[in-house]
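Both backbone and side-chain heavy atoms feed into the values below; hydrogens, waters and symmetry mates do not. Proteins get letters first, then strands, A, B, ... in listed order; numbering begins at 1 in each.
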Number of protein chains: 2
Amino acid sequence: MDASTPATDDAPEQVPAAASRAANDGDTACRNCPLRALPLFIEPSGEELALVQSLKRRERRLAAGEALIHEGQTDAPLYTLLQGWAFRYKTLSDGRRQILSFLLAGDFIGVQQKMGDAAAHGVETLTDAQFCVFHRDALWELHRQSPMMGFNITWLTAHEESMVDDTLLSVGRRSAEERIASLLILLFKRAAALQPDAGADGIAFPLTQQHIADGLGLSLVHTNKTLRKLERRGLHQISNGRLYLRDLKSMARLADLYGDGRPAPRPLV
Amino acid sequence: MDASTPATDDAPEQVPAAASRAANDGDTACRNCPLRALPLFIEPSGEELALVQSLKRRERRLAAGEALIHEGQTDAPLYTLLQGWAFRYKTLSDGRRQILSFLLAGDFIGVQQKMGDAAAHGVETLTDAQFCVFHRDALWELHRQSPMMGFNITWLTAHEESMVDDTLLSVGRRSAEERIASLLILLFKRAAALQPDAGADGIAFPLTQQHIADGLGLSLVHTNKTLRKLERRGLHQISNGRLYLRDLKSMARLADLYGDGRPAPRPLV
DNA sequence: CGACGTGTTGATCTCTCTCAATTAGAGTGG
DNA sequence: CCACTCTAATTGAGAGAGATCAACACGTCG
C-alpha cells in the first residue's frame with residue numbers, strides 16, 4: 001500500500017548475488033524497484049526481472065534542473081526514470097524552446113535515437129531525480145531475450161507517442177485556457193497514479209510557469225495571466241510546489257477532454 | 001533500379017502457395033511488395049517475409065478522402081500503408097481538427113491503440129490508397145516469432161514519434177512562415193525518398209491548404225496568405241497537385257531545420 | 001545586502017483569426 | 001453546350017488572443 005516500502009517478498013535491501021549483476025553496486029536491485037509496488041505497473045516474471053537486471057548498467061542521480069541528455073548529444077545511453085520528474089525538449093537555433101513531454105517515474109528515455117545517432121531532443125530534470133542506465137544494446141537484447149518485454153516496449157513507445165499527440169492537439173488547436181486546463185489535468189492524473197498516498201490534497205508540482213509555457217507553446221507572461229485567471233475562478237491552485245485541482249469538473253469541461261484523460265496502465269518495470 | 005519493377009529474383013506475379021496464405025487473394029504477396037524495391041527499406045530475410053505474409057490478412061483499397069479509421073472506433077486492425085498518402089488526426093468536440101502526422105507508403109498505422117481500446121485518432125486518405133491489413137494480434141506475433149522484426153517495430157514507432165516531436169516544435173514555437181517552410185521541406189524529402197524517379201521536377205502533393213492548416217495549427221486563410229507569400233518570394237511552388245521547392249536553401253534557413261530534415265532510412269517492410 | 005530566479009501586472013503591439021466576397025475548376029444534369 | 005453546384009484557392013478588412021516590453025514584489029542565497 002505504501003510506496004515507501006518497496007520490497008515485496010524478501011529482505012528489503014539484501015540483494016542476492018544475481019548471476020548477472022554487473023556494474024551496479026550501491027544501486028537498488030530491480031527486484032526491489034519501488035515502482036513494482038505500484039498498481040500501475042504490470043508485474044513481470046522473475047525471469048524478466050533478472051533479464052532487466054542483467055542489462056542495467058548503473059544508476060545516475062541528478063539534482064533538479066540538471067541535464068540528463070543534451071540536445072544533439074551522440075551515443076546517449078538508454079534510461080528509465082526511477083524517481084522524480086524530468087522533461088524532453090527541443091530548441092530552435094535562436095533559443096525558442098518547446099517541451100515535448102514531461103517524464104514521470106517509470107518512463108523510458110532515449111528509445112527515439114537510433115544507436116550512434118545524435119539525440120533528437122534534450123532531457124532535463126525538474127526535481128532531484130534518479131535514473132537507471134542501460135547500455136544502448138539493451139533495447140535489442142530485451143527484444144531478443146524476451147519478446148514479451150520487447151512487445152511491452154513497443155507499447156510503451158506507442159503510448160508515449162499518443163501523449164505527444166495529445167499535446168500537439170492542445171498546442172495546435174486549443175486556446176491558452178484550454179491548454180492549461182488540459183495540461184494540469186493530465187499531469188495531475190499521471191502524478192496521482194504514482195503516489196498511492198494520493199487523496200484530495202493535491203500532488204507535488206515542480207514545474208515553473210516557464211515550463212508550462214514551453215510545454216504549451218505560450219509566452220511566459222500569457223501563461224501567468226491565464227493561470228491566475230483559472231485560479232481566481234476557483235478551478236485550481238498552485239502553491240508551495242503543490243497543485244490542487246479544486247474543480248475538476250469545470251476544468252475537464254474547459255479542456256474538452258474525452259472521458260477523463262486516462263492514464264492507461266503501463267506494463268513493464 | 002526502376003521501382004515499377006517490383007520483383008527481385010523470380011517470376012513477378014506467380015505467387016507460390018505459401019503454407020500460410022490465408023485470406024489474401026487478389027492481393028500482392030509480401031515478397032512482391034513494391035516497397036521492397038526501394039533503397040529506403042532494409043531487406044528482410046525470406047523467413048521474415050514469410051512471417052509477415054502469414055500475418056497479413058488482406059488488403060484494403062480506399063479512394064481519396066475516405067476514412068480508414070474513425071476517431072474513437074474500437075478494435076481497428078493494424079495497417080500498413082502500401083501505396084498513397086493518408087493522415088492521422090484528432091478533433092475537439094466543437095470540430096477543431098489537428099492533423100498529427102502525414103502517412104506515406106511504408107508507414108504503420110494503429111500501433112498506438114491497445115487491443116480492445118478505442119482509437120485515439122482517426123485516419124483518412126489523401127489520395128487513393130492501398131493498405132495491408134493485419135490482425136490485431138499480429139503485433140504480438142511478430143515480436144514473438146521474430147525479435148528482430150519486433151525490434152524494428154519499436155524503432156519505427158519511436159521514429160514516428162520523433163516526427164510528431166518535430167511537428168510539435170513547429171506548432172509550438174515556429175511562426176506561420178517557418179511552420180510552412182518546415183512542413184514543405186519535410187514532406188518533400190519523405191516523398192522524394194519514395195519515388196526513385198525523383199529529380200528536380202517536384203513531387204506529387206495531394207494536400208489541400210486546409211490539410212496544411214490543420215497540420216500546422218493555423219487557420220485556412222492565414223495558411224493561404226503565407227503560402228502565397230513564400231511562393232511569390234520564389235521559395236516554392238504548388239501547382240497541379242505537385243510541389244516544387246525552388247529555393248531549398250532559403251526554405252531550410254527559414255525553417256531553421258537542423259542539417260536537412262533527414263528522412264532517416266527505415267527498416268522493415 | 002545585492003544578485004537571481006520566479007511570479008505578477010499593466011500597457012502596447014502584432015501575428016493570426018474570423019468574417020465576407022470573389023474567382024476558378026471539376027462535375028452533373030438538362 | 002450551358003446553367004448549376006461544390007470544392008479549393010484568393011484577397012481585403014476588422015477583431016482579438018497572445019506576444020513583447022517594462023516594472024515591481026518576494027524569497028533564497030552567497
Please report, rounded to the nearest Å, how far the [atom2] atom of [N] is from the [atom1] atom of [X].
| X | N | atom1 | atom2 | answer |
| --- | --- | --- | --- | --- |
| Q210(A) | dG5(C) | CD | P | 12 Å |
| N240(B) | dA24(C) | CG | P | 16 Å |
| N224(B) | dA8(D) | CG | P | 13 Å |
| D94(A) | dA19(D) | CG | P | 15 Å |
| L227(A) | dT9(C) | CG | P | 11 Å |
| L220(B) | dA20(C) | CG | P | 16 Å |
| L218(A) | dG16(D) | CG | P | 20 Å |
| R174(B) | dA19(D) | CZ | P | 17 Å |

Give one of base, sugar-phosphate or nothing for [X], where a contact means two heavy atoms less than 4.0 Å apart.
| X | result |
| --- | --- |
| G217(A) | sugar-phosphate |
| S175(A) | sugar-phosphate |
| S219(B) | base |

Between E161(A) and T157(B), is there a side-chain donor-acceptor contact under 3.5 Å, judged purely by atom types and distance? no

Does one side chain, of S170(B) or E178(B), offer a donor that lies under 3.5 Å from an acceptor on the other? no

When the nearest nucleotide of DNA chain D is assigned to T208(B) and to R179(A) on a heavy-atom basis, which residue is associated with the more 5' position? T208(B)

Rounded to the nearest 0.5 Å, how far apart are [atom1] of [X] and [atom2] of [Y]?
| X | Y | atom1 | atom2 | answer |
| --- | --- | --- | --- | --- |
| W85(A) | T127(A) | CH2 | OG1 | 8.5 Å |
| L126(B) | I99(B) | CG | CD1 | 7.0 Å |
| L254(A) | S182(A) | CG | OG | 9.5 Å |
| I109(B) | H121(B) | CD1 | NE2 | 8.0 Å |
| D165(B) | E160(B) | CG | CD | 10.5 Å |

When you get a sec, tell me which of dT11(D), dG7(C), dT9(C) is the closest nucleotide to the side chain of R228(A)? dT9(C)

Proximal nucleotide (of dG7(C), dT10(D), dT11(D)) relative to the Q209(A) side chain: dG7(C)

Heteroatom pairs (N/O) under 3.5 angstrom, protein to nucleotides 12-15 of chain D:
{"residue": "dG12(D)", "atom": "N7", "partner": "K225(B)", "partner atom": "NZ", "Å": "3.1"}
{"residue": "dA13(D)", "atom": "N6", "partner": "K225(B)", "partner atom": "NZ", "Å": "3.1"}

Which heavy atom of I238(A) sits nearest a heavy atom of E231(A), and at what distance? N-OE2, 3.8 Å

Hey, what bend do you get for the helix from dC1(C)-dG30(D) to dG30(C)-dC1(D) if you fit axes on five pairs at each end, rounded to 10°? 30°

Show every ring pair (Phe, Tyr, Trp, His ring centres under 6.0 Å) that has at least one partner inside residues 206-237 of chain B, sequence neighbours left out. F87(B)-H211(B)

